[in-house]
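As structure tokens, the structure follows; a few thoughts come after it.
In what follows, chains carry the letters A, B, and so on, assigned in the order in which the sequence lines appear, proteins first and then strands, with residues in each chain numbered from 1.
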Amino acid sequence: MATIASGELVGLPLRVRRRGPVGKVWRFVRRRPTGALGIVLMALFVTIAVISPMIVPFDANRSVGRPLQSPGTVDPRTGKTFWLGTDAVGQDVLSRVLQGSQISLAVGASVILINVTLGTLLGMVAGYFQGPVDYVIQRSGEVWSAFPELIALLLIVSLLGTPHTTGGNLLSIAFDLRNLIFAFTIGAVFGGSRVVRGVTLALKQNDYVLAARAIGATDTRIILRHLLPNLMPFVIIAATAGLGAVILGEATLSFLGLGVAPGTPSWGQDLSGRNRLFFREAMWVALAPGTAISLTVLGVNLFGDALRDILDPRLRGARGRG
Amino acid sequence: MWAYTLRRLIFFLPVLLIVSLLTFFATRLVPGEPALTFLGQQARIEEIEAWNRHHGLDRPLAVQYFDWLGGVLRGDPGESLAGGQNIGSELRARLPVTLMILLFSFGFTMVIGITFGVLAAVFQDSWLDHSVRLFAVFGQSIPPFYKLTLLMILPAIWWEYAPPFGYVPFWNDPLRALQQIIPPTLMLAIGGSATLMRITRTSLLDVLRADYVRTARSKGLKERSVVLRHAVRNALIPVLTIAGTLIAALMGGSLILENITSLPGLGQYTFNGVIQRDYNVIMTMVMYAAIVVMSAHLAVDLLYAVLDPRIRYR
């Protein structure tokens with residue numbers, strides 16, 4: 001190959017070091033340790049959410065011991081340990097924290113999937129065709145942006161009804177929580193489509209679009225084959241940024257009592273309600289779910305940052321930016 | 001610029017109209033009897049009908065809407081369904097509380113965010129820079145309601161300290177009011193200032209590499225005046241954009257703060273209105289929120305022109 005040959009001439013090493021999958025992972029860990037930490041935290045979160053029904057030591061929905069037992073107390077009846085203590089009604093805190101991850105993941109993942117699909121579609125149509133479609137999407141976005149997000153979410157969920165879930169696998173939970181997911185997607189779609197619209201407007205000016213049109217490519221083909229792949233980095237960045245926000249949003253709504261129905265194991269919920277009266281005597285009841293949600297969002301944010309550094313061409317190669 | 005401002009203000013009207021229509025019909029068309037919330041689940045049909053008649057809810061929706069609109073245009077947002085209090089007087093009583101919360105949390109966010117963002121950029125890759133970035137990542141990841149919960153329990157456990165109980169208006173006892181307002185608003189400011197720090201840092205680093213900054217340095221200007229007088233001003237444009245969206249976020253934050261600290265502000269009022277499906281309260285609060293948010297966006301757009309004279313609005 002030409003480049004290697006010229007490298008040889010100027011005395012550069014001829015052999016390019018090939019990396020196997022392990023080498024690639026190692027390189028990523030060394031170059032972006034925080035991003036790697038983010039991936040570990042996210043993987044932990046997803047794994048726990050998937051297998052939590054199998055690993056919870058107690059039934060998370062029932063009171064299984066005396067209320068407000070401190071962490072590490074052994075249950076005299078069953079001989080099992082409450083590793084993180086019990087809450088105000090005697091439910092096992094560890095089991096609830098483990099199972100609470102299901103709600104966060106089910107809501108977060110569904111919202112992001114729907115939002116990315118719809119937002120990308122709308123944004124591309126608006127940016128590519130412009131005209132009346134664009135006008136309507138833009139104006140609806142403006143009207144929507146007049147609502148403060150939290151108030152809009154509260155209003156929608158309270159009108160549709162606080163959803164109830166009986167647990168089970170992630171898909172059935174997501175289906176049970178469709179009201180909540182719907183509330184989040186309305187706003188997120190407008191936000192996401194605006195980003196995509198902007199990028200599409202810029203990409204459309206590229207020569208390769210003109211070239212494609214010249215050889216008779218249809219609009220659909222140009223959008224799907226030429227614009228979409230170039231949009232993906234922005235879509236992925238927006239999706240990870242959105243995931244953290246949705247997980248926080250669901251926890252906030254549940255904290256205010258309008259996310260999931262009372263009693264459902266959810267991180268936001270466990271920081272409110274009856275538990276709140278006892279935090280001063282039983283701090284662990286607050287610390288466990290609070291730490292769980294903070295670590296999860298931290299993982300998503302760190303991962304998102306690393307991803308943005310890698311994918312955003314404007315930042316590529318610029319070290320030490322933030 | 002005045003013409004531009006006027007045109008933007010006129011544009012408020014159709015948006016507010018659409019927002020009010022959406023909210024009005026969304027709240028009323030969704031099944032459910034608000035009467036049951038106020039009369040109890042065992043209320044008899046005649047009672048519910050009488051209650052609806054009393055509050056004018058038995059009339060056609062269009063009539064109700066125009067009745068409400070007429071009231072608002074005359075400056076009367078109507079009565080709360082819950083206790084029949086006049087919403088206008090309730091607003092006047094609660095607005096100062098929320099205004100204080102918004103003012104303090106916005107002020108803290110801006111000051112902390114911009115100061116440390118600038119410091120991190122100026123001392124890039126120093127320990128200060130690294131701590132700022134660490135703080136920013138953590139600050140964004142801990143939900144506001146958890147920070148505020150910790151604020152309520154940790155001082156109580158460590159020093160047996162509790163903020164003064166029961167709300168007092170600022171002018172009656174400023175010291176006590178500040179004790180109630182400053183700690184929670186500082187907590188609320190962490191999330192937003194974390195975002196601002198990162199934006200300020202990135203944006204200032206970009207500007208510091210610009211040619212005109214090199215020129216300023218080569219003229220022999222002191223580093224201090226290069227950064228503060230030449231660079232920061234230009235770096236603030238993206239910061240301003242975020243500051244505009246911050247207002248909407250802080251209104252949500254204020255609702256959470258009031259919920260945790262039991263300060264009787266507009267957030268609580270909105271929250272209770274939504275929970276009880278108190279039609280008139282919801283309408284008023286949504287309109288109020290929309291006006292605040294749109295004004296914030298307008299203010300940001302106008303400030304762009306102040307920061308950068310090249311931006312002109314016609």
When only pairs under 4.5 Å are counted, which of [options] shares the most heavy-atom pairs with chain B?
options	answer
A:Gly257, A:Ala286, A:Gly268	A:Ala286
A:Leu154, A:Leu256, A:Val143	A:Leu256
A:Leu287, A:Leu153, A:Ile293, A:Leu302	A:Leu287
A:Met283, A:Glu149, A:Glu281	A:Met283

What part of [X] gets within 4.5 angstrom of chain B, counting heavy atoms only: side chain, backbone, both, or neither?
X	answer
A:Ile151	side chain
A:Thr291	both
A:Ile156	neither

Quiz prompt | Presence of salt bridge, A:Asp305 and B:Arg198, under 4.0 angstrom | solution =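 Yes, this pair counts.
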Practice problem: Check the pair B:Tyr146, B:Ser141 against side chain to side chain contact (heavy atoms under 4.5 Å, CB included), reporting the backbone distance first and the verdict last. | Solution: CA-CA 10 Å; B:Tyr146 184 45; B:Ser141 305; over 6 Å; no
Checking heavy atoms, do the side chain of [X], its backbone, both or neither come under 4.5 Å from chain A?
X	answer
B:Ile199	neither
B:Phe11	side chain
B:Ile142	both
B:Leu250	neither
B:Thr23	side chain
B:Leu154	side chain
B:Thr27	both
B:Ala296	neither
B:Val137	both
B:Ile282	side chain

Quiz item: For B:Phe135, does the CZ atom sit with more than 12 other heavy atoms under 6.0 Å from it, leaving out its own atoms?
Solution: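 It does: B:Phe135 CZ has more than 12 such atoms within range.
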Self-check item: Check: A:Val157 main-chain N/O paired with A:Asn179 side-chain donor or acceptor under 3.5 Å
Solution: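 Between the backbone of A:Val157 and the side chain of A:Asn179 there is no qualifying donor-acceptor contact (under 3.5 Å).
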Quiz item: Are the side chain of A:Ser272 and the backbone of A:Gln269 linked by a donor-acceptor contact shorter than 3.5 Å?
Solution: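 Pair found, side chain donor or acceptor close to backbone of A:Gln269.
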Practice problem: Check the side chains of B:Glu258 and B:Ser254 for a donor-acceptor pair under 3.5 angstrom, ignoring hydrogens and angles. | Solution: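 Judged by distance alone, the side chains do pair up.
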Quiz item: Is NZ or CZ of B:Arg28 both nearer than 6.0 Å to the six-membered ring centre of B:Phe25 and within 45° of the ring axis?
Solution: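 No, cation not above the ring by the 6.0 Å, 45° rule.
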Close side-chain approach of [X] to [Y], heavy-atom, < 4.5 Å:
X	Y	value
A:Leu295	A:Phe45	no
B:Leu255	B:Phe271	yes
A:Val107	A:Val260	no

Self-check item: Winner by heavy-atom pair count (cut-off under 4.5 Å) against chain A, out of B:Ile18, B:Ile157, B:Val286
Solution: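 So the answer, after comparing B:Ile18, B:Ile157, B:Val286, is B:Ile157.
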Exercise. For residues A:Val97 and A:Ala292, report the shortest heavy-atom separation together with the two atoms involved.
Key: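 Smallest heavy-atom distance, with atoms named: CG1-CB, 3.7 Å.
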